[in-house]
Structures are given as structure tokens and as C-alpha cells.
Amino acid sequence: MLKYKSLHKWMVIPMIFMQLGIYRDYWGDFTENAWAVHIHYWTGTIWYIYLIIQPYFATHGQMPRHRTNGIIGMFLAGGVCLTALGMMHRDIATTDLIMKDPARFGPFQPWFFFGVAAVEIVMMSAFGFAIIKSIIHRKQIENHAWWLISTVFLIMMPALGRGVQNVYVGINRSDWPNINIMTPIYIAQFMIIGMLLLGAWKYGKLRHPATYLALAVNLFIFLLEPIGRSEAVQHFLRSIIKG
């Protein structure tokens with residue numbers, strides 16, 4: 001338990017990255033966001049907060065509080081997963097808007113949002129798997145803790161990716177619409193993978209299954225463009241994601 005005594009401090013770092021990444025998209029048009037967006041934002045934010053306070057409780061003599069919050073946290077994790085999946089129709093709806101008015105969206109073509117929807121399915125499935133594994137290994141502190149920590153790196157991309165993308169597009173605004181929108185996504189992925197490996201190295205979990213899973217999911221996101229451009233994938237997503 002001693003090796004995790006300062007974990008709550010380190011978990012503040014991905015929380016800050018997530019909040020900075022999503023700040024403009026969420027708070028910039030707060031009143032225009034759909035109800036589902038608000039629910040997902042706050043469940044995700046509270047989940048990150050839980051990953052800060054739970055290690056603190058567990059390593060500072062407050063285990064009963066840790067266990068009680070853990071039960072609540074599992075409910076919260078389900079909310080994060082289901083609200084993310086529930087919002088995916090927005091991606092499909094956006095592709096229809098682009099086809100009606102492509103000039104409005106500039107470099108953002110339908111394939112990008114199909115790709116986002118596809119990788120989000122993988123991300124949230126991995127997130128759910130990690131949560132289940134943390135429950136299965138709840139009596140094995142090392143495994144339980146790292147499966148939960150890994151969830152941070154499994155679901156960071158949408159927030160951080162948008163943030164880096166907004167900055168990148170802003171810097172290259174003069175080239176609109178000839179902007180490579182995948183470059184900032186790749187930058188965000190390198191940042192996430194870097195944080196994942198740094199954390200895994202610090203806590204001796206480079207060879208842990210949760211690390212492998214988080215790394216695999218983030219490497220998979222590099223395939224967002226070819227996946228999004230696949231007509232088969234587009235047809236499949238349209239057939240299963242209905243508004």
C-alpha cells in the first residue's frame with residue numbers, strides 16, 4: 001500500500017489534461033449542449049475525481065470510506081460507459097449535416113465522425129472490461145488499483161483530442177479548410193501513451209494486462225482515419241446507431 005500513498009497526487013495530472021482538453025467544447029457553448037452531453041461530462045469528471053480521492057482514502061487509514069465510495073463508484077462507472085455510448089448518434093447525425101453543408105465544416109468530413117464513433121465503441125468496451133476486472137480483483141490491491149487507474153488512459157482521448165485539435169486548428173486557421181485534422185489527434189495520442197507508460201513505469205506495471213489493454217486501445221486510435229473511410233464500417237455504424 002505504501003507505493004500508492006502519493007498516487008492521489010499523480011492522478012491530478014490526467015484530470016487537468018482532461019479538463020483543459022474539453023474546456024472549450026463544453027464550457028464554450030454550455031447552454032447549447034444537449035442534456036446527454038451534460039450528463040456524460042459530469043459523470044466523467046466525477047469519475048476522475050473518484051480516481052483521486054479513492055487512493056487517498058485507501059492509503060490514509062480510511063478503508064471503510066474507500067469501500068463505501070467504491071460501491072458508488074461502480075454505479076458511476078456504468079454511467080460513464082453508457083452515457084458515452086448513448087451519445088454516439090450525435091456523430092452519425094453530424095455526418096448528415098456535413099453532407100448537407102460541407103463548406104460549414106471545412107476539413108471535418110463525414111469519415112472523421114464515423115471514425116470517432118468506431119473508436120469510441122472500442123474505448124468504452126475496454127473501459128467496461130477494465131471496471132469488471134477491477135471488481136473481480138478487488139481483494140488483490142495491486143491488480144484492483146491498476147485496472148482502475150488504466151481507465152483514465154482508456155477514455156482520455158475524446159477530451160484531450162478535442163482540446164489539442166482546437167488549438168491546432170486555431171493556429172492554422174489561415175489555411176482553412178486545408179488543415180490536416182488528424183495531426184492533432186496523433187499528438188494527443190502520443191501524449192496519452194506517454195502518460196500511460198510513465199505511470200506504468202513508476203508503479204512497476206509496464207507488463208500488467210491493464211497496461212497492455214490501454215496501450216492497445218490508444219494505438220488502435222491511430223487507425224481512426226482508415227476505419228472512418230471504410231464504407232463497410234460506415235454502413236455498419238448507420239445500421240446499429242439510430243436516433
Side-chain angles (χ1 to χ4, degrees), residues 1-22 44-63 66 69-70 73-74 77 80-81 119-120 122-165 167 182-224:
M1 292 292 285
L2 288 176
K3 70 188 296 185
Y4 291 116
K5 201 168 183 66
S6 64
L7 175 60
H8 64 285
K9 297 178 182 178
W10 288 100
M11 295 307 292
V12 173
I13 296 174
M15 172 73 167
I16 292 173
F17 273 90
M18 188 274 283
Q19 290 296 332
L20 289 176
I22 202 64
T45 296
I46 297 171
W47 175 251
Y48 271 64
I49 293 173
Y50 259 63
L51 293 178
I52 295 171
I53 64 174
Q54 281 294 81
Y56 177 84
F57 289 150
T59 58
H60 288 75
Q62 301 185 51
M63 190 57 74
H66 173 84
N69 277 301
M74 294 304 103
V80 173
C81 187
V119 300
E120 283 185 343
V122 174
M123 287 166 48
M124 299 318 299
S125 297
F127 175 86
F129 178 79
I131 294 299
I132 291 171
K133 290 293 285 185
S134 76
I135 296 172
I136 292 173
H137 296 294
R138 64 190 179 277
K139 294 184 179 180
Q140 301 169 14
I141 300 300
E142 293 279 330
N143 283 327
H144 172 73
W146 194 249
W147 277 110
L148 288 174
I149 294 167
S150 73
T151 63
V152 168
F153 307 107
L154 289 170
I155 62 173
M156 189 185 292
M157 189 283 278
L160 186 57
R162 288 176 187 174
V164 176
Q165 195 174 63
V167 172
M182 286 306 300
T183 297
I185 298 299
Y186 298 148
I187 293 172
Q189 287 311 117
F190 281 121
M191 292 170 67
I192 294 170
I193 291 172
M195 286 186 279
L196 166 66
L197 295 180
L198 182 61
W201 171 77
K202 176 175 175 56
Y203 291 102
K205 293 294 185 292
L206 283 171
R207 297 186 178 182
H208 194 279
T211 304
Y212 293 150
L213 177 64
L215 179 60
V217 169
N218 281 285
L219 289 175
F220 176 76
I221 294 171
F222 280 93
L223 299 176
L224 187 153

Next item on the list: Give, for atom CG of Leu160 and atom CD1 of Ile185, the distance between the pair rounded to the nearest 0.5 Å.
Entry: 9.0 Å

Notebook entry, point to check: Where do Val119 and Leu223 land on the side-chain contact (heavy atoms from CB on, under 4.5 Å) test, with the steps shown first?
Noted result: CA-CA 9 Å; Val119 300; Leu223 299 176; over 6 Å; no

Check: To the nearest 0.5 Å, what is the distance between CG (Leu213) and OG (Ser125)?
Finding: 10.5 Å

Check: When rounded to the nearest 0.5 angstrom, what is the spacing between CE in Met156 and CD1 in Ile221?
Finding: 11.0 Å

Check: Who are the side-chain hydrogen bond (donor to acceptor under 3.5 Å, both in side chains) partners of Tyr48, not counting sequence neighbours?
Finding: none

Check: So which heavy atom on Trp146 is nearest to which on Ala210, and how close?
Finding: CD1-CB, 3.6 Å

Checklist line | Euclidean distance, Leu198 CG relative to Tyr203 OH, rounded to 0.5 Å | finding: 10.0 Å

Margin query: I'd like to know if the side chain of Thr211 reaches the main chain of Lys205, judged simply by a donor and an acceptor atom lying under 3.5 Å from each other, with no hydrogens or angles considered.
Written below: yes

Notebook entry, point to check: Excluding sequence neighbours, so at least two apart, what forms salt bridge (Lys or Arg N to Asp or Glu O under 4.0 Å) with Lys133?
Noted result: none

Check: Under the side-chain hydrogen bond (donor to acceptor under 3.5 Å, both in side chains) test, which residues partner Asn69, sequence neighbours left out?
Finding: Tyr50

Notebook entry, point to check: So which heavy atom on Leu154 is nearest to which on Ala214, and how close?
Noted result: CD2-CA, 3.5 Å

Note to self: Does any part of the side chain of Trp47, heavy atoms only, come nearer than 4.5 Å to the side chain of Thr151, both counted from C-beta?
What the structure shows: yes

Note to self: Between Ile155 and Met124, is there a side-chain heavy-atom distance shorter than 4.5 Å?
What the structure shows: yes

Checklist line | Spatial distance of atom CH2 (Trp147) from atom CD1 (Ile132) [nearest 0.5 Å] | finding: 10.5 Å

Checklist line | Nearest-0.5 Å distance that lies between atom CG in Leu215 and atom CG in Leu197 | finding: 6.0 Å

Notebook entry, point to check: What closest approach, in Å, do Pro14 and Val152 show between heavy atoms, and which atom pair accounts for it?
Noted result: CB-CG1, 3.4 Å

Notebook entry, point to check: Among Leu51, Thr45, Leu20, whose side chain to side chain contact (heavy atoms under 4.5 Å, CB included) with Met15 holds?
Noted result: Thr45

Checklist line | Closest non-hydrogen atom pair between Thr59 and Lys5, with its separation | finding: O-NZ, 3.0 Å

Next item on the list: Give the minimum heavy-atom separation between Gly70 and Gln54, together with the two atoms involved.
Entry: N-NE2, 3.2 Å

Item checked: Within-4.5 Å side-chain heavy-atom neighbours: Ile192 and Phe17 -> no

Check: Does Gln189 use its side chain to pair, donor to acceptor, with the backbone of Asn218 at less than 3.5 Å?
Finding: yes

Margin query: Angle between ring planes, His66 versus His144, binned at 30° and 60°: parallel, tilted or perpendicular?
Written below: perpendicular

Note to self: Side chains of Leu7 and Ile52, heavy atoms from C-beta outward: is any pair under 4.5 Å?
What the structure shows: no

Item checked: Heavy-atom pair of closest approach, residues Pro158 and Met123 -> CD-CE, 3.2 Å

